Every structure is written in structure tokens, then in C-alpha cells.
Amino acid sequence: IRAATYSWADRELWVVDETLDGRLRLARINGAGSLQQIAAWPNTGLYDATVLTVDRDGGIILTQAKASGAGFVSAK
């Protein structure tokens with residue numbers, strides 16, 4: 001698991017992990033343990049850090065950044 005957060009809005013655990021084929025995956029896990037894939041994308045190795053956060057409205061924010069601080073991308 002690269003990143004995880006709990007959303008109070010939907011009461012689910014959100015995670016970014018790496019699939020067996022090397023892709024990164026954003027998924028949520030409900031209280032019963034069921035996983036729902038939200039998105040998947042190639043792991044290009046461009047970013048060193050992945051962070052999930054919950055905003056004030058309960059939305060999930062995914063941020064990937066370079067360790068050098070030279071660049072980042074963020075999506076809600």
C-alpha cells in the first residue's frame with residue numbers, strides 16, 4: 001500500500017496500492033471488506049511519494065510528488 005486514508009463522508013477506507021502488473025490503483029474498501037477499484041494508471045516511476053487526504057467536504061485528494069520537491073500532481 002502506497003497511501004491510505006479514511007473518509008468520514010462515505011465511511012470507507014481509501015487506498016493506493018500497486019497491482020500485480022505494476023500499475024497503481026485507487027480503490028475504496030467498505031466496512032464489509034469489499035474493494036471497489038476507482039482508477040488505475042501506469043506506474044511511471046516519475047513520483048516518489050503518494051498521499052491521500054480528505055478535504056473539508058469529504059472528497060478524496062490524491063497527490064503524487066517528487067522527493068526533491070521539484071514537482072507534484074494533485075487530483076480530486
Side-chain angles (χ1 to χ4, degrees):
I1 292 182
R2 301 279 181 111
T5 193
Y6 178 78
S7 172
W8 55 267
D10 61 12
R11 296 182 177 167
E12 294 185 329
L13 179 66
W14 288 74
V15 298
V16 174
D17 65 357
E18 191 168 345
T19 62
L20 293 175
D21 64 358
R23 295 170 58 84
L24 295 178
R25 170 178 63 181
L26 173 65
R28 61 185 180 181
I29 304 168
N30 66 22
S34 296
L35 182 140
Q36 177 187 10
Q37 179 174 308
I38 304 302
W41 61 98
N43 182 5
T44 63
L46 181 63
Y47 299 106
D48 305 305
T50 303
V51 178
L52 284 174
T53 54
V54 180
D55 71 7
R56 297 170 77 187
D57 299 326
I60 300 298
I61 301 171
L62 167 65
T63 303
Q64 289 191 289
K66 293 182 179 184
S68 66
F72 72 95
V73 63
S74 190
K76 179 176 175 179

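Residue indices begin at 1 and follow the sequence shown. This is a predicted model, so every value here is computed, not measured.
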key: Partner set under side chain to side chain donor-acceptor pair (under 3.5 Å) for N30, not counting sequence neighbours   = none
Is the closest side-chain heavy-atom distance between [X] and [Y] below 4.5 Å?
{"X": "L26", "Y": "W41", "answer": "yes"}
{"X": "V16", "Y": "I1", "answer": "no"}
{"X": "S7", "Y": "I60", "answer": "yes"}

Tell me every residue that passes side-chain contact (heavy atoms from CB on, under 4.5 Å) with [X], counting only those two or more places apart in sequence or in another chain.
{"X": "W8", "result": "V54"}
{"X": "L20", "result": "none"}
{"X": "A40", "result": "R23, Q37"}
{"X": "T53", "result": "V51, I61"}

Between [X] and [Y], is there shared hydrophobic-cluster membership here, with clusters defined by ILVMFWY side-chain heavy atoms closer than 4.5 Å?
{"X": "L46", "Y": "L24", "result": "no"}
{"X": "I38", "Y": "L62", "result": "yes"}
{"X": "L35", "Y": "L13", "result": "yes"}

ask   = Quick one: salt bridge (charged side-chain N to carboxylate O under 4.0 Å, His left out) pairs with a partner in residues 12-22, sequence neighbours left out?
value = R2-E18, E12-R28, D17-R25
key: Residue pairs fulfilling salt bridge (charged side-chain N to carboxylate O under 4.0 Å, His left out) with at least one residue in residues 40-59, sequence neighbours excluded   = D55-K76
request  = State, to 0.1 Å, how close N43 and G22 come at their nearest heavy-atom pair, and which atoms those are.
outcome  = CB-O, 3.2 Å
